[in-house]
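Structure first, commentary second.
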Amino acid sequence: MADLKIYNSLTRKKDVFTPITPGHLGMYVCGPTVYSDVHLGNCRTFISFDIIYRYFLYLGYKVRYVRNITDAGHLEGDRDEGDDKFSKKARLEQLEPMEIVQKYTLGFHKVMELFNNLPPTIEPTATGHISEQIEMVKHILKNGYAYEVDGTVYFDVEKYNKEKPYGILTNRKLEELLEGTRELGGQDEKKGRLDFALWIKAKPEHLMQWPSPWGMGFPGWHIECSAMSGKYLGTQFDIHGGGMDLAATHHTNEIAQSEACYNVSPARYWIHTNMLTVNGARMSKSAGNGFLPGELFTGDHPLLEKAYSPMTVRFFMLQTHYRSTLDFSNEALQAAEKGLKRLWEAYQNLKQLSSQQLPDTPADAALDVRVRELVKGFDDSMNDDFNTAKVLANMFELTPVINSLRGGQIPPGSISRSTFAFLNKQFTVYLKDVFGLREDSAGDNGRLEGVLQLLIQIRKEARAKRDFVTSDKIRNELNEQGIILKDEKDGNVSWSFG
RNA sequence: GGUCCUGUGGCCGAGUGGCUAGGCAGAGCUCUGCAAAAGCUCGUACAGCGGUUCGAAUCCGCUCGGGACCUCCA
């Protein structure tokens, strides 16, 4: 099999992927902090990794895909003081912190399902792994890379940096980082400005706190990923992923923690997905320019001209490489909607063709070769750092061939039986299994189909009698209901939702 | 200020040193009772200026523009 190349943030180039254990993949992706609704930018990351997960499954790997739910700690701003996000939100909504967690976790899962993302194989929560996190902090303390001040434990970045480069993931030297850091007022307890908390002392009024060797407190905001990835994937595993915004702090600190604890770099390949932007600026919770998936599906947002379905959005994202920023606009979304429709209808035409008899030797050898090359290109493109956009381009090049085969513009038998089988299999597998696209309006199609066939039959009879008043009435009124009838060359009539 | 990424035809977007990306929109044609759909044809783009090269949108330098990170964020 051809090599799979992955752009590795650690080496800043495309590396050939070699698993630690042949045939197995361990992948950790930073999940959401469930104190509010996920917005579309978050979804992009999870969709990107869903495609990566699906591609490894397609390649036959046994994958352990761990994606955490952050439901503890995390202060508002890294000031090591004040409220954590859950307590704040809990007070705001007058709920228990765990009710907040439950509410937004359920919402998150619902959205993931709408986008047809496969669930990870393990989805651990931070609150469920407090003892593992405490153990890890103890270990780091014992190894001398952390210190305790009045119930709070800090990671000693400068000491660590003397032995191992701290900023390797983003290619920065400690001195440069120090220059960029502001003086933190009233933060005397930290020895170094870059030091970050592993464990934080809780004030009595804190809603979420746990006992520890250093008193009542809660975990710092990087340790959970280190503890849980270590627990479920081992101290070193294949792939660690997350949004690009996490690289500079969160992932940098994860590497430092794992090195300080186990003396090993946690992941061999780091994959970072790029941001979703709106009018050129990054979509983020704090900027307030975030779209919620629900607003998108209903079209209920000032910037949206209409509603867009989850599959349109998924397809829209697939048209751009995961490491490029993706700008969100009505025009782009509408183009995606139409493009997906075209692709989907080609797929349906392909299914219609499946029963045809084909020769062993193609009548049109050049076409036969071209089809094979395009289909083969699916794997080649994915092997080049998951180039989904290129795969789609190939699919679109195959679309007129499929449609012509169906419509008769290309005579049957032009391609061989084996080529057709290859096309049929790969087109289907890629569309559904690798890209995870599915029919949007799956619903009451069973009965609707029957009714439509009746109307199509009546219209056909009217047309045979040249009663175009009746035939046009049927077509036009169905059109108003959002159903489009299409007369095909051979006299067949197909329909689709407008 | 520091570390990076990026600038492609009307819009969105892939991309390899030399061969048509693709989608959407637009124009023409074929088919059709008409329409829609489908099929065919059409744009010769790569921020600017230099350099390397037989040859660069693709490599290097500079200039200009956009963005991310350095502070919670996928």
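We name chains A, B, ... by the order of the sequence lines, and we start the count at 1 in each one.
- On the C1' atoms, B/rU8 is 11 Å away from B/rC12, given to the nearest whole Å.
- Distances were taken from every side-chain heavy atom of A/M275 (C-beta onward) to each of B/rA74, B/rG2, B/rA25; the shortest belongs to B/rA74.
- For the pair A/N387 and B/rG15, the criterion of a side-chain N or O lying under 4.0 Å from OP1 or OP2 is met.
- Comparing the C1' positions of B/rA45 and B/rA56 gives a spacing of 15 Å, expressed to the nearest Å.
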Please lay out, stage by stage, how A/E461 and A/K465 fare under the test salt bridge (charged side-chain N to carboxylate O under 4.0 Å, His left out). CA-CA 6 Å; A/E461 287 162 14; A/K465 288 184 284 186; over 6 Å; no
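- The side chain of A/M283 has B/rA74 as its nearest neighbour among B/rA14, B/rA74, B/rG22.
- Taking all atoms of both residues into account, the shortest heavy-atom contact from A/Q348 to A/E439 is NE2-OE2, 3.3 Å.
- Nearest to the side-chain atoms of A/N171 among the listed nucleotides B/rC4, B/rC12, B/rA74 stands B/rC4.
- The gap from the P atom of B/rA25 to that of B/rG39 amounts to 13 Å, rounded to the nearest Å.
- In this structure, A/E337 reaches neither bases nor backbone, as no heavy-atom distance under 4.0 Å exists between it and the strands shown.
- Of the C1' atoms belonging to B/rU52 and B/rG18, the separation is 16 Å, rounded to the nearest Å.
- Heavy atoms of A/T273 sit nowhere under 4.0 angstrom from any nucleic acid atom.
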If you apply the rule ring-ring contact (aromatic ring centres under 6.0 Å, His included), what do you find for A/F155 with A/Y160, and how did you get there? CA-CA 9 Å; A/F155 189 92; A/Y160 173 81; 5.7 Å; yes
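- Less than 6.0 angstrom separates the ring centroid of A/F297 from the ring centroid of A/F115.
- Nucleotides B/rA47 and B/rG9 have their C1' atoms positioned 14 Å apart, rounded to a whole Å.
- Using a 4.0 Å heavy-atom cutoff across all strands shown, A/H321 reaches sugar-phosphate atoms only and no base atom.
- Contacts of A/G41 with the nucleic acid, taken as non-hydrogen atoms under 4.0 Å apart, include base atoms.
- OP1 or OP2 of B/rA14 has at least one side-chain nitrogen or oxygen of A/S324 nearer than 4.0 Å.
- Spacing between B/rG67 and B/rG13 at atom P, rounded to whole Å, works out to 15 Å.
- Look at B/rC24: its Watson-Crick or wobble partner, with both distances under 3.5 angstrom, is B/rG10.
- The residue A/L276 sits close to a base: some heavy atom pair falls under 4.0 Å.
- Taking the P atoms as reference points, B/rC60 lies 16 Å from B/rU53, given to the whole Å.
- Around atom NZ of A/K460, more than 12 heavy atoms belonging to other residues, nucleotides or ligands sit under 6.0 Å away.
- With B/rA74, B/rG22, B/rG2 as the choices, the nucleotide that has an atom nearest any side-chain atom of A/T33 turns out to be B/rA74.
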Do nucleotides 33-41 of chain B as a string where each nucleotide becomes B, S or -: B if the base has a protein heavy atom under 4.0 Å, S if just the sugar-phosphate does, - if no protein is that close. BBBBSSSS-
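- In summary, the side chains of A/S329 and A/D327 do not present any donor paired with an acceptor at a separation below 3.5 Å, with no hydrogens or angles considered.
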Name each donor-acceptor pair under 3.5 Å that joins a side chain in residues 390-403 of chain A to protein atoms two or more places apart or in another chain, with its distance.
| residue | atom | partner | partner atom | Å |
| --- | --- | --- | --- | --- |
| A/K390 | NZ | A/N394 | OD1 | 3.3 |
| A/N394 | ND2 | A/L374 | O | 2.9 |
| A/T399 | OG1 | A/M395 | O | 2.9 |
| A/N403 | OD1 | A/N349 | ND2 | 2.8 |

